[in-house]
Amino acid sequence: MAMVEHINQGLRRVPAWPIYVASLGYAAWMLWLGIQNRLGADPVKVLEHEMGEMALYLLVAGLVVTPLRKLAGVNLLKFRRALGLACFFFVVCHLLVWAVLDVQRIDRVWADIVKRPYITVGMAAFVLLIPLAVTSNNLSVRKMGAAAWRRLHQLVYPAAVLGGVHYVMLVKGWQIRPLVFLAVIAGLIAWRFLSKRKKAASRAQTAS
């Protein structure tokens, strides 16, 4: 416990803003590599993939915050908002690379959303993330109230599952990496809901 407290004390001195700087820097660096033709034979596809996978990494990192605090005592709550907004930033980058650099036509973008199931699923995940990104600020918490704000932000769970499914459907064949992402996301969400059910049952037993 002394080591955990030491870690938490150190984390309290670390600001969250480097997450934003690192995200912008990584996206700019990848775009620069693409412009310099240093991303292989199909730089647009590589850029699209990198933006989407980075969004998934950040999504998983955000979902890990609560289990890590409850199971190990390590408190990363101050970084969760930055992780969520950085995740949304990379989702937007992923979408823009696909729409602007890959598809390049608005009519084809809409046609792909309607006709290609993996794109439909991915777009659904993006739509669910929009209200979360818009309300990820203290003003929204005050205006909505903490309880309503927390209920709204539970949309992260279906959005995360849809994002994992999108990745699995996107690749050809059954590849391990997308399946691992989906399994980790499903496991973290299952743990969260089982933990809540256990807590509610414990309260009911105490009340009776």
Side-chain angles (χ1 to χ4, degrees), residues 1-31 50-94 125-126 128-164 167 177 180-200 202-203:
M1 293 299 293
M3 181 180 292
V4 171
E5 183 57 31
H6 182 70
I7 292 172
N8 286 335
Q9 286 178 1
L11 288 171
R12 281 193 284 270
R13 293 192 291 269
V14 178
W17 61 261
I19 294 175
Y20 301 117
V21 174
S23 298
L24 289 170
Y26 180 75
W29 173 246
M30 291 301 300
L31 183 60
E50 287 295 324
M51 297 298 105
E53 191 164 283
M54 185 55 67
L56 283 174
Y57 276 123
L58 290 164
L59 183 59
V60 169
L63 292 175
V64 165
V65 169
T66 297
L68 191 62
R69 179 172 59 90
K70 291 187 176 181
L71 296 176
V74 178
N75 192 342
L76 298 173
L77 283 174
K78 66 179 290 185
F79 303 105
R80 188 160 61 183
R81 178 180 295 176
L83 290 170
L85 289 173
C87 170
F88 185 74
F89 166 72
F90 278 107
V91 170
V92 172
C93 289
H94 175 67
F126 170 67
L128 289 178
L129 288 173
I130 292 173
L132 307 190
V134 171
T135 58
S136 287
N137 53 75
N138 294 332
L139 179 62
S140 294
V141 176
R142 289 195 297 269
K143 286 194 172 184
M144 296 176 63
W149 187 88
R150 282 194 295 269
R151 284 195 298 271
L152 174 66
H153 279 251
Q154 288 181 357
L155 287 174
V156 70
Y157 303 130
V161 172
L162 289 171
Y167 191 13
R177 194 178 187 85
V180 169
F181 266 112
L182 182 57
V184 170
I185 290 169
L188 289 169
I189 294 173
W191 179 89
R192 186 67 179 262
F193 280 96
L194 288 173
S195 178
K196 284 186 177 181
R197 286 185 61 183
K198 184 178 180 180
K199 187 175 181 179
S202 178
R203 285 179 177 174

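Keep in mind that what you see is a predicted model, and the values were worked out from it rather than measured.
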So, for [X] and [Y], which heavy atoms are closest and what is the spacing to 0.1 Å?
X    : Y    : answer
V91  : A55  : CG2-CB, 3.6 Å
G163 : A125 : N-CB, 3.9 Å
A27  : F90  : CB-CE2, 4.1 Å
Y167 : L56  : CD2-CD1, 3.3 Å
P131 : L155 : CG-CD1, 4.1 Å
T135 : M144 : CG2-SD, 4.0 Å

[atom2] on [Y] to [atom1] on [X], rounded to 0.5 Å:
X    : Y    : atom1 : atom2 : answer
L24  : I19  : CG    : CD1   : 12.0 Å
W149 : L132 : CH2   : CG    : 8.5 Å
E53  : F181 : CD    : CZ    : 4.5 Å

Residues L63, R192; criterion side-chain contact (heavy atoms from CB on, under 4.5 Å); working and verdict: CA-CA 9 Å; L63 292 175; R192 186 67 179 262; over 6 Å; no
Full working for side-chain contact (heavy atoms from CB on, under 4.5 Å) between V156 and L59: CA-CA 9 Å; V156 70; L59 183 59; 4.0 Å; yes
Residues L11, N75; criterion side-chain contact (heavy atoms from CB on, under 4.5 Å); working and verdict: CA-CA 8 Å; L11 288 171; N75 192 342; 5.8 Å; no
Stepwise side-chain contact (heavy atoms from CB on, under 4.5 Å) check, Y20 with F89: CA-CA 9 Å; Y20 301 117; F89 166 72; over 6 Å; no
Whether S195 side chain and W191 backbone form a donor-acceptor pair below 3.5 Å: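 Not at all, since once roles are kept as given, no pair shorter than 3.5 Å links the two residues.
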Backbone N/O of S136 and side chain of S140: donor-acceptor pair under 3.5 Å: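 No: the side chain of S140 does not pair with the backbone of S136.
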Geometric class of the Y157/F193 ring pair [parallel <30°, tilted 30-60°, perpendicular >60°]: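 Rings of F193 and Y157: perpendicular, as their planes differ by over 60°.
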All pairs passing salt bridge (charged side-chain N to carboxylate O under 4.0 Å, His left out) where residues 6-22 contributes a residue, at least two apart: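 Non-adjacent pairs meeting salt bridge (charged side-chain N to carboxylate O under 4.0 Å, His left out): E5-R12.
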R80 and L76, any side-chain heavy atoms less than 4.5 Å apart: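 No, side chains not in contact.
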Results of side-chain hydrogen bond (donor to acceptor under 3.5 Å, both in side chains) for R69 - residues two or more places apart only: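 R69 satisfies side-chain hydrogen bond (donor to acceptor under 3.5 Å, both in side chains) with no residue once adjacent residues are dropped.
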Flag if over 12 foreign heavy atoms under 6.0 Å of NZ, K143: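 No - once you tally the heavy atoms of other residues, nucleotides and ligands closer than 6.0 Å, there are 12 at most.
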